[in-house]
Number of protein chains: 2
Amino acid sequence: MAKKVSISDVAKSLGMSKTVVSLVINGKGDLHRINKDTQQRVLLKVTEMNYQPNVLARGFRTGKTNTIGLIVTEISNTFYSKVASYIEELAWQQNYSVVICSTNELVEKEKRQIKLLVDRKIDGIIISSSQKTSDSFDHLLEEGIPHVLIDRSFENSKSPSVSVDNFGGARMAARHLITQGITDIALVALKGEHVSTTRDRIAGFRSSLSDHNLSIPESRIIHAKPRYIHDTIKNSLQSYYYQNKMPRAIFAIDNNLTFICLEYLQKLSVKIPAETALIGFDDLQYFRYTDPSISAIEQPVEKIGEAAFNLLLEQIKDNSLMGKQNSVLLPVDINIRRSSKII
Amino acid sequence: MAKKVSISDVAKSLGMSKTVVSLVINGKGDLHRINKDTQQRVLLKVTEMNYQPNVLARGFRTGKTNTIGLIVTEISNTFYSKVASYIEELAWQQNYSVVICSTNELVEKEKRQIKLLVDRKIDGIIISSSQKTSDSFDHLLEEGIPHVLIDRSFENSKSPSVSVDNFGGARMAARHLITQGITDIALVALKGEHVSTTRDRIAGFRSSLSDHNLSIPESRIIHAKPRYIHDTIKNSLQSYYYQNKMPRAIFAIDNNLTFICLEYLQKLSVKIPAETALIGFDDLQYFRYTDPSISAIEQPVEKIGEAAFNLLLEQIKDNSLMGKQNSVLLPVDINIRRSSKII
DNA sequence: ATGAAAGCGCTAACAG
DNA sequence: CTGTTAGCGCTTTCAT
């Protein structure tokens, strides 16, 4: 373990003060009108001695760590891992590292993770929150900690968010089913109507139905708790099936739920779409090749990552922007495939 | 931005020295035989004043950050995002955060990421490396920086690794094809035979073939560069197709390549498995439901994450273990599905 | 059993 | 233009 050379070592061997060295290596040489010549000498010595600034000491001193936090509900969900991938890439280009946290939809875990990140003095947070209120984020706002909400957002929150048109997307899905004459539709969602995506997707779906004087009875809504998704969907579908009450179509509001619906419909040998059509929110590359291929609303994943990171970077660079940025709402597309095409 | 209360604030308001407070909050009270009573008072005051130790200052002082780094080639690949998810969960339970880096198979990026993590004084690194030699890791070993290689490993390296039986898994795949009478097989791999997984999977496959006096000619090996995977596979398959030389089966050595093969085979309307069978290394939940369902070698993803984190934690807790741990080799399974079942 | 004090490596007032 | 100096908040000898 080679002993580290510190800034004083460099200064000493150069016969200068730490200040000069510090200024030069931080690119503030010109700003402080330090001799071009001196600067050269410093830089030279630095490489010569292979001086590596102690990042921790610097962070401790400046409060900046060049690290951002990314909190998502489940990093192994393709949607989030893709978003994470884009964010990681952009961050890397700007010299930021990304700390990733997975909350498993647990509010307590999320809160502790936020606290941890703040304690660690990360420069900003991008988060897909499971919380019911925006309190945590109002707090961050007060404390001046840059952050951006993604995917899910809060009403009346000044924290900027990047989301997609969940309402509109769900309407597209509904319309697509309705125009094919389908009226008896079940809706599969994660429990928790406080989650904006869930709420908006359900609301959008309902709004389109109601445009056609249709509605979804409570019995047609499957609310799965995060930890019991499989069981809930399995049981609900089975009970429909054995009571001879399979819905004519199912709209599942995320990629995971959609896929699980496919699984259990297949296990029950329900013919898709002939007996029950299926459409989901959030498309996966795999949906194109399943049997039958699955219709889904496609989210602009790359743009979400991009917009979120840019908003965050803006705040980091200019703290006065906090609470003043506009939220971003991105459009979605519908990919109609065999699982929902009746005609 | 509420001003932070520091350890001196606590000490002052308690009329004690920082030392006592520090010792107590770090659980070293008993060790230093500090009055039970004093300890109580400190703890009380700490919560009362809502004292939050400055993690950065502590890290700066101790060189410990309670953070580990996870470097993978592509976090959006389900295999890695699952591994990441398990590691994140275990780390969380042990009070560690995880910094995730994606290398896109770029050796330079990987090296810079390692350096960055080391500079940041992360406590350890779990890495799936794209490098040709173990130099970087020999280095880490010398510097006493805990690390574990996952997925890919190096021969003659003292760095512990967690990998699966790639050789054996590939043999299973080959055997499965061969016993069905298939002899003309193409192999699809990422370019870079220095990558142990690629090497071992190819070697295993070949070894099984040669057991049956079979072999794979160069023309049947598709080596795709990371950035041109789609094009390479598309072109190769097209050229086979138009020359009327489709192989009787394809073995693709990772989940991504496998899926892409499926895509282009379908686009060329090649019947799977009737005309060309397909089997891949690394199973995905989706493979069960594609059309046709895809056969694949299944890796124990959870165990990989678990073993890697445990090995790392051991090193972190006991530095003297470095370079002395045994590597872990995990078994794989074969899931035979329709894509490769001819009989 | 507790305290004083040094110092980790760095940055940023402030002097000169 | 460059140097001196004072901490940032914490841990950790070393005294007492």
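Chain A is the first sequence line, chain B the second, and so forth, proteins listed ahead of strands; every chain is numbered from 1.
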Engineer: Output yes when at least one side-chain N/O atom of B:R58 is less than 4.0 Å from OP1 or OP2 of D:dT11, else no.
Structural biologist: yes

Engineer: To the nearest Å, give me how far apart CD (B:Q52) and C1' (D:dC10) are.
Structural biologist: 15 Å

Engineer: Identify, residue by residue, the members of residues 20-41 of chain B with a heavy atom below 4.0 Å from DNA chain D, and return them in order of residue number, or none.
Structural biologist: B:S22, B:N26, B:K28

Engineer: A side-chain contact here means heavy atoms from C-beta on lying under 4.5 Å apart; do B:K45 and B:Y51 qualify?
Structural biologist: no

Engineer: Check B:I127 against B:F137 and note the closest heavy-atom contact, atom names and distance.
Structural biologist: CG2-CE2, 3.6 Å

Engineer: Tabulate below the donor-acceptor pairs under 3.5 Å that side-chain atoms of residues 309-317 of chain B make, not counting sequence neighbours, or state none.
Structural biologist:
unit_1: B:N310; atom_1: ND2; unit_2: B:E306; atom_2: O; d: 3.3
unit_1: B:E314; atom_1: OE1; unit_2: B:Q325; atom_2: NE2; d: 3.2
unit_1: B:Q315; atom_1: OE1; unit_2: B:H147; atom_2: N; d: 3.0
unit_1: B:Q315; atom_1: NE2; unit_2: B:H147; atom_2: O; d: 2.9
unit_1: B:Q315; atom_1: NE2; unit_2: B:Q325; atom_2: OE1; d: 2.8

Engineer: Angle between the end axes of the helix from C:dA1-D:dT16 to C:dG16-D:dC1, five pairs per end, to the nearest 10 degrees?
Structural biologist: 40°

Engineer: Write down the atom of A:K18, the atom of A:S8, and the distance for their closest heavy-atom approach.
Structural biologist: CD-OG, 3.8 Å

Engineer: What pair of heavy atoms forms the shortest contact from B:G69 to B:L117, and how long is it?
Structural biologist: CA-CD1, 4.0 Å

Engineer: Check the distance between D:dC10's C1' and A:K121's NZ and give it to me in whole angstrom.
Structural biologist: 12 Å

Engineer: Specify the separation, in whole Å, of atom CG of A:L56 and atom C1' of C:dC10.
Structural biologist: 11 Å

Engineer: Hey, is A:E105 close enough to A:R152 for a salt bridge, meaning N to O under 4.0 Å?
Structural biologist: yes

Engineer: Rounded to whole Å, please give me the gap between CG in A:D119 and C1' in D:dC10.
Structural biologist: 14 Å

Engineer: Could you tell me whether A:K109 and B:E88 have a side-chain N and a carboxylate O separated by less than 4.0 Å?
Structural biologist: yes

Engineer: Which pairs, protein N/O on one side and nucleotides 4-8 of chain C N/O on the other, fall under 3.5 Å?
Structural biologist:
unit_1: C:dA4; atom_1: N6; unit_2: B:T19; atom_2: OG1; d: 2.5
unit_1: C:dG7; atom_1: N2; unit_2: B:R61; atom_2: NH1; d: 3.1

Engineer: Just distance, no hydrogens or angles: give the donor-acceptor pairs under 3.5 Å from side chains in residues 55-63 of chain A, sequence neighbours left out.
Structural biologist:
unit_1: A:R58; atom_1: NH2; unit_2: A:N26; atom_2: OD1; d: 3.4
unit_1: A:T62; atom_1: OG1; unit_2: A:R58; atom_2: O; d: 2.8
unit_1: A:T62; atom_1: OG1; unit_2: A:K64; atom_2: N; d: 3.1

Engineer: List for me each residue that meets side-chain hydrogen bond (donor to acceptor under 3.5 Å, both in side chains) alongside B:E108, sequence neighbours excluded, and say none if there are none.
Structural biologist: none

Engineer: Would you kindly give the CE-to-P distance between A:M16 and D:dT4, to the nearest whole Å?
Structural biologist: 13 Å

Engineer: If you look at every heavy atom in B:K111 and B:Q131, which pair is closest and at what distance?
Structural biologist: CE-OE1, 3.2 Å

Engineer: Using 0.5 Å steps for rounding, measure from the CD1 atom of B:I100 to the CD1 atom of A:I87.
Structural biologist: 12.0 Å

